[in-house]
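Let me begin by presenting the structure, written as structure tokens, before commenting on it.
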Amino acid sequence: MILFAFSDYEPMARQLREIASVKLGRFTLTRFCNQELYAVVETPVSGQHCLVLGSIAPPDEQILSLLLLAHTLKKEGAFKLTAILPYLAYSRQDKLKRGESLATAWAGALLKTSGFDQVLTVDVHSQRDKQLFPIPLISLPTASLFAAAINNHRLNDAVIVAPDNGAVARCEAVKCAAGMPAGDTSRFEKQRTEKGIVHRGPLGKVGPRVVIIDDMLDTGGTLVSACEKLKQSKVEEIYILVTHGLFTGTKWTQLWSLGVKRIFCTDTVPLRAEINATDISILPVSALLHEKLSSMEDES
């Protein structure tokens, strides 16, 4: 297998090269004077299974670059093409609402049209995403990574809390992987209003230490609201485990004043340089990807 990685994901690509039997491919993406994108593949790929590691998240140049590279690899004879998108952007636009875009299906259609045969991602937002994609969408769970973080930081005595009903199954999977008692996960019921997010709860017992588990920290609105409720419930220490750390805007920074001691997130989204990572722990997903890539190699 030949791995073509965009610059933001070069550290992950180097990790994969060290632990997996993949060769790093070379390519360049530039623009003509008229601003049209131009891709050049410098590694022979005829008859090869090619992996493209990158993102389709804004800025929009990222999705256009990835699609153009894929089309060029197929043109050059790539036998099979797998998109490795650790964070699957547009996955939250998966609800069929009259008059509104269904961008999850749109993104899937673009990936297929450009030559991708399948997509490998980490902790996809919902099962609806798989239903909307016209090509196989393989999602790797992060339960083992989160369980290791809980055990390594001695958080086994903390109460696991789901910030909404949709996160309950994720919490139960982590508890199982960490060897914690299953069932009765404390949770919140979440409602989105014109004024923002409203939480009811916590429903279930909480203690002085809690761990909130979710798939994403974007602006932080959901987690801020949940932590406000936990603080009112006399919770003293809060730890947050999320797969995708987008850290958009500044609202999420309120978490530090609400009892949050540490945020754990994976490296599916490269942490921006301007973010103070003193109290943020990064959990690499390369081992998860390696395991899946190894099984793909055995199948080919």
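Sequence positions, counted from 1, serve as the residue numbers for this chain.
Ion pairing of D117 with K74 is present here, as a side-chain N (NZ or NE/NH1/NH2) and a carboxylate O approach within less than 4.0 Å. A salt bridge does not link E228 with K231: every distance from a Lys NZ or Arg NE/NH1/NH2 to an Asp or Glu carboxylate oxygen is 4.0 Å or more.
Between I135 and Q118, every side-chain heavy-atom pair lies at or beyond the 4.5 Å cut-off. A 4.5 Å side-chain heavy-atom check between F133 and L88 finds at least one atom pair inside the cut-off. Inter-residue side-chain proximity for T82 and I138 is flagged as unmet; no heavy-atom pair is nearer than 4.5 Å. Between L241 and L283, the closest side-chain pair of non-hydrogen atoms falls below 4.5 Å. The shortest side-chain heavy-atom distance between V159 and K205 does not fall under the 4.5 Å cut-off. Residues M12 and L289 are in side-chain contact: their nearest non-hydrogen atoms beyond the backbone lie under 4.5 Å apart. Put simply, the side chain of P86 does not reach to within 4.5 Å of the side chain of L140, judged on heavy atoms. Within the 4.5 Å cutoff, side-chain heavy atoms of L255 are placed close to those of L217.
Scanning both residues, G201 and F188, for their nearest heavy atoms gives C-CE2, 3.4 Å. Pairing each heavy atom of A178 with each of N156, the nearest pair is O-ND2, 4.1 Å. Residue S281 comes nearest to R262 through the heavy atom pair OG-NH1, 2.9 Å, listed as atom of the first residue, atom of the second, then distance. In terms of heavy atoms, V206 sits closest to S233 at CG2-CB, 4.3 Å. Summarising the geometry of H199 relative to P163, their closest heavy-atom pair is NE2-O, 2.8 Å, with the distance given to 0.1 Å. Between F247 and C265 the shortest heavy-atom distance is CE1-SG, 4.0 Å.
Looking only at distances, no side-chain donor or acceptor of R200 sits under 3.5 Å from a matching main-chain atom of Q191. Listed for the S225 side chain is no donor-acceptor partner under 3.5 Å among the backbone atoms of G221. Side-chain atoms of T113 do not come within 3.5 Å of backbone N or O of L110 as any donor-acceptor pair. In terms of modelled atom types and a separation under 3.5 Å, the side chain of D129 and the main chain of L132 share no donor-acceptor contact. With hydrogens and angles disregarded, no donor-acceptor distance shorter than 3.5 Å links the side chain of N165 to the backbone of E189. In terms of modelled atom types and a separation under 3.5 Å, the side chain of T266 and the main chain of T243 share a donor-acceptor contact. Side-chain atoms of E236 do not come within 3.5 Å of backbone N or O of P208 as any donor-acceptor pair. When atom types are taken as modelled, the side chain of T121 and the backbone of S139 share no donor-acceptor pair closer than 3.5 angstrom. With H244 contributing its side chain and T268 its backbone, the two residues share no donor-acceptor pair below 3.5 Å. A donor-acceptor pair is defined here as one N or O able to donate and one able to accept, closer than 3.5 Å; no such pair exists between the side chain of H290 and the backbone of S286.
Applying the salt bridge (Lys or Arg N to Asp or Glu O under 4.0 Å) test to every pair with at least one member in residues 28-38, sequence neighbours left out, gives these pairs: R31-E61.
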**Asked** After noting the C-alpha distance and the side-chain angles of L66 and F6, does the key distance pass the side-chain contact (heavy atoms from CB on, under 4.5 Å) rule?
**Response** CA-CA 8 Å; L66 185 134; F6 283 84; 4.2 Å; yes

**Evaluation steps, side-chain contact (heavy atoms from CB on, under 4.5 Å), between K80 and M1** = CA-CA 9 Å; K80 187 175 183 180; M1 291 187 287; over 6 Å; no

**Item:** Residues V174, I160; criterion side-chain contact (heavy atoms from CB on, under 4.5 Å); working and verdict
**Value:** CA-CA 9 Å; V174 173; I160 305 298; 5.5 Å; no

**Request:** For D164 and T222, run side chain to side chain donor-acceptor pair (under 3.5 Å): C-alpha distance rounded to whole Å, both residues' side-chain angles, the deciding distance at 0.1 Å, then the answer.
**Result:** CA-CA 9 Å; D164 53 39; T222 293; 5.4 Å; no

**Request:** Applying side chain to side chain donor-acceptor pair (under 3.5 Å), run through T248 and D218 and close with a yes or a no.
**Result:** CA-CA 5 Å; T248 306; D218 191 348; 2.5 Å; yes

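No chain of hydrophobic side-chain contacts below 4.5 Å, direct or via other Ile, Leu, Val, Met, Phe, Trp or Tyr residues, connects F4 to F79.
Residue L246 belongs to a hydrophobic cluster whose other members are Y87, M216, V269, with links defined by side-chain heavy atoms closer than 4.5 Å.
R14 meets the salt bridge (charged side-chain N to carboxylate O under 4.0 Å, His left out) test with no other residue; sequence neighbours excluded.
Atom CG of L271 and atom CG of D8 lie 12.0 Å apart (nearest 0.5 Å). Atom CZ of R92 is separated from atom OG1 of T104 by 10.0 Å, given to the nearest 0.5 angstrom. Taking CG from L120 and CD1 from I84, the interatomic distance works out to 5.5 Å, rounded to the nearest 0.5 Å. Interatomic distance, CD1 of I56 versus OH of Y90, reported as 7.0 Å (0.5 Å rounding). Annotation: the span from L73 atom CG to L68 atom CG amounts to 9.5 Å, rounded to 0.5 Å.
In this structure, Y38 and F32 have tilted ring planes: the angle between them lies in the 30° to 60° band. Taking the six-membered ring where tryptophan is involved, the planes of Y239 and F264 are tilted, since the angle between them lies from 30° to 60°.
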